[in-house]
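Structure, as structure tokens:
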Protein chains: 2
Amino acid sequence: MAATGPLADDDARTLHQQVLARLRENILLGRIEPGQALTIRGLAAELGVSAMPVREALRQLVAERALELMDNRRVRIPPMTIERFDDLIAARVVLEAEAAARAMPYVSEALITRLEAEDAVINEAAAARDYDTWIGANFGFHAMLYGAAGQSAFLPLIESLWLQIGPFLRRAMRTISGHYTVDRHSEALAALRRRDTMALRIAIEADIRDGIAHIGSTLIRSEAMGANAVRAAHRQAQGERGLVDEVN
Amino acid sequence: MAATGPLADDDARTLHQQVLARLRENILLGRIEPGQALTIRGLAAELGVSAMPVREALRQLVAERALELMDNRRVRIPPMTIERFDDLIAARVVLEAEAAARAMPYVSEALITRLEAEDAVINEAAAARDYDTWIGANFGFHAMLYGAAGQSAFLPLIESLWLQIGPFLRRAMRTISGHYTVDRHSEALAALRRRDTMALRIAIEADIRDGIAHIGSTLIRSEAMGANAVRAAHRQAQGERGLVDEVN
DNA sequence: CATGTCGCCATGTGATCACATTTTCGCGGG
DNA sequence: CCCGCGAAAATGTGATCACATGGCGACATG
């Protein structure tokens with residue numbers, strides 16, 4: 001079920017492109033559980049295609065670090081470790097703060113309006129615990145901002161990081177309970193309106209550190225401690241901070 | 001000739017892995033000219049394999065942004081533009097400075113000795129105009145440093161950037177004449193010995209900006225002006241700065 | 001009980017082919 | 001000369017198959 005059903009019949013793209021897009025989305029949105037079987041023949045059967053486009057798509061996802069090739073030549077969602085998580089967060093902070101600053105001159109009022117609409121979608125999805133939309137719109141918000149200048153060499157790098165974090169992010173979201181609204185996205189939007197690049201950098205970094213970095217850090221360290229610590233770590237996370245943008 | 005000859009017979013890796021490694025190396029070292037034919041059947045014939053491992057390797061290289069998939073479904077070395085070049089340099093600066101700082105606690109005296117040896121290789125290769133070794137050892141120096149802690153999520157990102165810059169870097173090297181030794185690597189090594197993280201960050205950034213960013217910037221802006229400006233830009237680059245580490 | 005061996009099955013890899021798509025080339029006309 | 005058209009050639013895509021590799025269970029042995 002890692003492919004979540006067959007491909008549509010009337011798509012003009014090559015099968016490989018369709019398979020790749022499907023799997024990327026499923027990884028980004030955390031729909032594939034770690035440990036779930038990812039075999040070429042299994043995915044091909046589920047998607048209703050031959051093995052070829054699946055093989056090539058898997059190669060591409062390995063290259064993007066969304067999937068990991070193991071010694072037995074199978075692929076899997078890479079397990080999250082403390083060190084890897086810290087690396088991914090640090091890389092997100094330096095790349096996304098820089099990408100946002102570089103995008104600033106290209107951000108129009110119309111784009112700010114669209115970003116606001118996307119932020120509203122995020123907040124609704126968070127309240128409704130619609131994880132697909134929550135992650136998808138969140139990524140959409142960031143990609144929209146960094147892509148304001150059009151093609152950017154930063155975007156594929158950032159996308160690889162999101163793909164790597166996606167499965168873990170969904171699990172981290174599930175540890176959140178309650179509903180508060182401390183909103184780093186609105187701080188970023190305010191910085192954009194004021195054309196304040198430094199404030200934008202700070203807001204993007206705070207968005208990452210106060211969001212996924214905080215909740216994810218709690219989750220991954222609790223996993224390293226064992227299952228019993230999950231509840232204590234969960235209560236700590238709940239008590240300390242607002243939660244909506246914390247999962248960015 | 002983009003593959004530079006057939007594969008070796010006694011390699012234990014899968015053919016796909018061998019093809020991928022060969023093509024990655026050739027792209028990183030700038031052995032493939034922009035515009036050079038990259039067809040599946042052509043590469044397969046040159047490497048002495050069937051189309052399959054070549055197809056899969058090309059998919060992977062597209063995912064790493066080393067190659068670009070065009071509308072006609074062919075792949076090519078992506079052309080360098082001013083905007084893209086600026087993005088790639090900025091991304092290198094933020095990622096590599098951070099990766100170096102994170103690696104600092106794991107850098108041993110033995111590693112510093114190995115870095116010094118690699119730097120000597122770079123200097124010899126530069127003096128001898130051995131572009132393969134010059135680029136390869138330079139990348140080796142950086143990868144050795146950032147990989148001091150072992151696996152790092154930064155390294156694949158950085159490697160993608162080097163793959164994207166590689167073909168252009170080789171061309172930029174060819175515009176350099178004369179032999180001076182202003183050495184940013186030795187500044188980085190000095191910072192490592194002193195355990196001075198800020199100085200290391202500064203040295204890495206200076207290495208990138210005073211090196212490839214400077215020469216490459218000259219080349220790409222001259223290309224945007226036209227071929228006649230190449231000589232004027234070339235003389236300017238020669239007159240201003242030492243040249244060895246400037247190509248980093 | 002633990003360990004090793006063997007056979008079977010699932011899965012990945014590489015080769016090949018047919019078909020789809022794109023490029024090249026030759027010819028004719030203006 | 002250039003342009004358009006059609007055919008042939010080159011190239012990419014997807015399907016299929018045979019073989020290689022790895023995992024697992026059953027069985028034998030100490």
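The model shown is predicted, which means the values in this text are computed figures rather than measured ones.
With B:R13 contributing its side chain and B:V19 its backbone, the two residues share no donor-acceptor pair below 3.5 Å. No donor-acceptor pair closer than 3.5 Å links the side chain of A:S217 to the backbone N or O of A:H214. A donor-acceptor contact shorter than 3.5 Å links the side chain of A:R170 to the backbone of A:L29. Of the possible donor and acceptor atoms, one in the side chain of A:R129 sits under 3.5 Å from a partner among the backbone N and O of A:A126.
Ring-centre distance between B:F85 and B:F168: below the 6.0 Å cut-off.
Residues B:V75 and B:L61 fail the side-chain proximity criterion, which asks for heavy atoms closer than 4.5 Å.
A:R171 has no carboxylate O lying under 4.0 Å from a charged side-chain N of A:E33, or vice versa, which leaves the two without a salt bridge.
When the local axes at the two ends of the helix from C:dC1-D:dG30 to C:dG30-D:dC1 are compared, using 5 base pairs at each end, they differ in direction by 30° after rounding to 10°.
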Using a 4.0 Å cut-off on protein heavy atoms (strictly under), produce a 5'-to-3' string for nucleotides 6-15 of chain C with B for base contact, S for backbone-only sugar-phosphate contact, and - for none.
-----BBBBB
